[in-house]
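The structure under discussion appears below in the form of structure tokens.
Counting convention: from 1, in listed order, for ligands and their atoms alike.
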Amino acid sequence: MFPSPIIVAPMAGGTTTADLALAAQRAGAFAYAAGGYKSAEALSVHLAPLRAAGADFGVNLFVPRNTPLSVDDAAALARYRTELVVAAGRLGATVPEISPDFVDPRSQDFWDEKLELLLREPVPVVSFTFGLAPAAAVAALQGKGTRVVASVTSVAEALAAAETGVDALVVQHGNAGGHSAAFLPGAGPGAPTLVELVAQVRAAVGLPLAGAGGIGDAAAAKAVLAAGAEAVQLGTAVLRSDESGARGLHKDALADPAYSSTAVTRAFTGRPARALVNGFVREHSAGAPNAYPEVHFLTGPLRAAAAAAGDRESLNLWAGTAWQKAASGPVAGIIAGFLNEL
Ligand SMILES: Cc1cc2nc3c(=O)[nH]c(=O)nc-3n(C[C@H](O)[C@H](O)[C@H](O)COP(=O)(O)O)c2cc1C
């Protein structure tokens with residue numbers, strides 16, 4: 001299913017550049033383009049160099065929430081907005097009004113348009129995160145020759161994903177940097193380690209698996225492959241690479257001993273995500289509601305102002321638990337470091 005045991009993860013929000021995906025692919029990895037947050041038009045532009053290179057690559061999409069916020073979550077969102085106004089004011093930013101019946105194409109992450117694009121102009125692989133694509137969408141993509149991958153964080157989610165007819169699964173552990181792929185409520189922390197989680201999912205479903213979350217070196221990758229994964233998916237390990245589009249502030253923070261831990265927080269987007277613990281995480285994790293993507297839009301101007309001001313204490317510094325092993329330099333060197341030892 002995956003042409004390499006090393007997969008470079010899709011990282012939406014600017015980190016995945018076409019250069020990163022192409023350089024990783026040339027170095028022998030399988031790589032994803034990041035479709036999340038982009039309009040169909042922007043995705044088309046992002047994919048052009050990969051299509052032109054004739055590469056075997058994947059495209060990742062966020063599955064949008066299709067239910068309104070609960071009354072409780074909407075109330076918590078309003079309280080959180082008030083809390084953010086003070087923090088935004090310090091940065092000279094304003095916090096937008098987000099009504100609970102928020103209807104904006106961005107709230108569905110341009111889902112229909114992007115699916116239409118990928119059916120009209122097919123790509124080798126499409127992966128989904130934050131939820132399950134409907135079985136009809138999975139079948140339609142497969143009908144165009146696309147292999148379809150779902151992201152899961154537990155055995156229950158793996159079984160549900162298999163029901164939709166996907167070709168493979170990304171099994172993501174809570175050690176992962178960035179957003180959790182979890183979509184079933186009460187899925188809990190799952191297995192204590194990625195190796196155990198992969199072994200559990202391996203025993204429950206017959207699909208090819210890629211393991212992800214907290215893999216910092218070849219030894220960790222080997223253990224995940226030995227547990228039954230066909231490949232490992234790396235995110236944080238390539239965040240500091242030359243081709244990564246992550247902000248300089250983010251790359252520098254990952255290498256700065258001033259940051260000594262990561263935590264899972266909803267403070268930035270309303271969806272659990274692992275980041276370096278900074279002032280914003282400490283100050284706002286407790287008050288942040290379960291409201292993605294509403295919180296993502298609330299904090300957007302604040303994060304932009306923080307970036308412009310060089311204030312990394314208010315930025316979402318996504319990082320997996322193995323962040324201290326993330327190296328700088330060309331991504332080809334990082335990939336070679338893994339492939340040479342597998
Ligand atoms: C900066 C960043 C952005 C990410 N964006 C996405 C994304 O757009 N789609 C996705 O499926 N996963 C995304 N992830 C999660 C990765 O797919 C993967 O599960 C994770 O990076 C693995 O853990 P690691 O970071 O410890 O290697 C992101 C991770 C990071 C660090």
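- The protein atom (non-hydrogen) at minimum distance from atom 19 (O) of ligand 1 is Gln172 NE2, 3.1 Å.
- Counted within 6.0 Å of CD on Glu121, heavy atoms from surrounding residues, nucleotides or ligands total more than 12; the atom is thus considered enclosed.
- Both the sub-6.0 Å distance and the 45° axial angle are not jointly satisfied by Arg65 relative to the ring of Tyr292.
- Residue Gly177 has at least one nitrogen or oxygen atom sitting less than 3.5 Å from a nitrogen or oxygen atom of ligand 1, judged on distance alone.
- Contact annotation: Tyr32 has no heavy atom less than 4.0 Å from any atom of ligand 1.
- Atoms of ligand 1 lying under 4.0 Å from any heavy atom of Phe62, numbered from 1 in the order shown and given with element: 7 (C), 8 (O), 9 (N).
- In this structure, a donor-acceptor pair under 3.5 Å is present between the side chains of Glu196 and Thr193.
- Looking at Gly178, Ala220, Pro10, Gly235, it is Pro10 that brings a heavy atom closest to atom 14 (N) of ligand 1.
- Under 3.5 Å, the side chains of Asp167 and Gln142 contain a donor-acceptor pair of N or O atoms.
- Any N or O atom pair closer than 3.5 Å counts here, and Trp318 shares no such pair with ligand 1.
- Legend: residues meeting salt bridge (Lys or Arg N to Asp or Glu O under 4.0 Å) with Asp242, ordered by chain and number and at least two apart, are absent.
- Annotation: atom 17 (O) of ligand 1 to nearest protein heavy atom, Gln233 NE2, 3.2 Å.
- Here is the list of ligand 1 atoms found below 4.0 Å of a heavy atom in Gly320: 26 (O).
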Worked check of ring-ring contact (aromatic ring centres under 6.0 Å, His included) between Tyr37 and Phe62: CA-CA 8 Å; Tyr37 306 129; Phe62 296 168; 5.1 Å; yes
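- Using a 4.0 Å cut-off between heavy atoms, Ala34 makes no contact with ligand 1 at all.
- At a 4.0 Å cut-off, at least one heavy atom of Gly213 sits close enough to ligand 1 to count as contact.
- Under a 4.0 Å criterion applied to the non-hydrogen atoms of Ala9, ligand 1 contributes the atoms 16 (C), 17 (O).
- For Arg303 and Phe268, the positive end is not near the middle of the six-membered ring at less than 6.0 Å and at most 45° from its axis.
- The proximity of Thr236 to ligand 1, defined as any non-hydrogen pair under 4.0 Å, involves the side chain as well as the backbone.
- Between Phe130 and His179, the angle of the ring planes goes over 60°, which puts this pair in the perpendicular group of the 30/60° scheme.
- Side-chain contact, His173 with Thr153: no donor N or O sits under 3.5 Å from an acceptor N or O.
- The nearest heavy-atom contact from the protein to atom 9 (N) of ligand 1 is Asn60 OD1, 2.7 Å.
- At least one heavy atom of Gly214 sits less than 4.0 Å from an atom of ligand 1.
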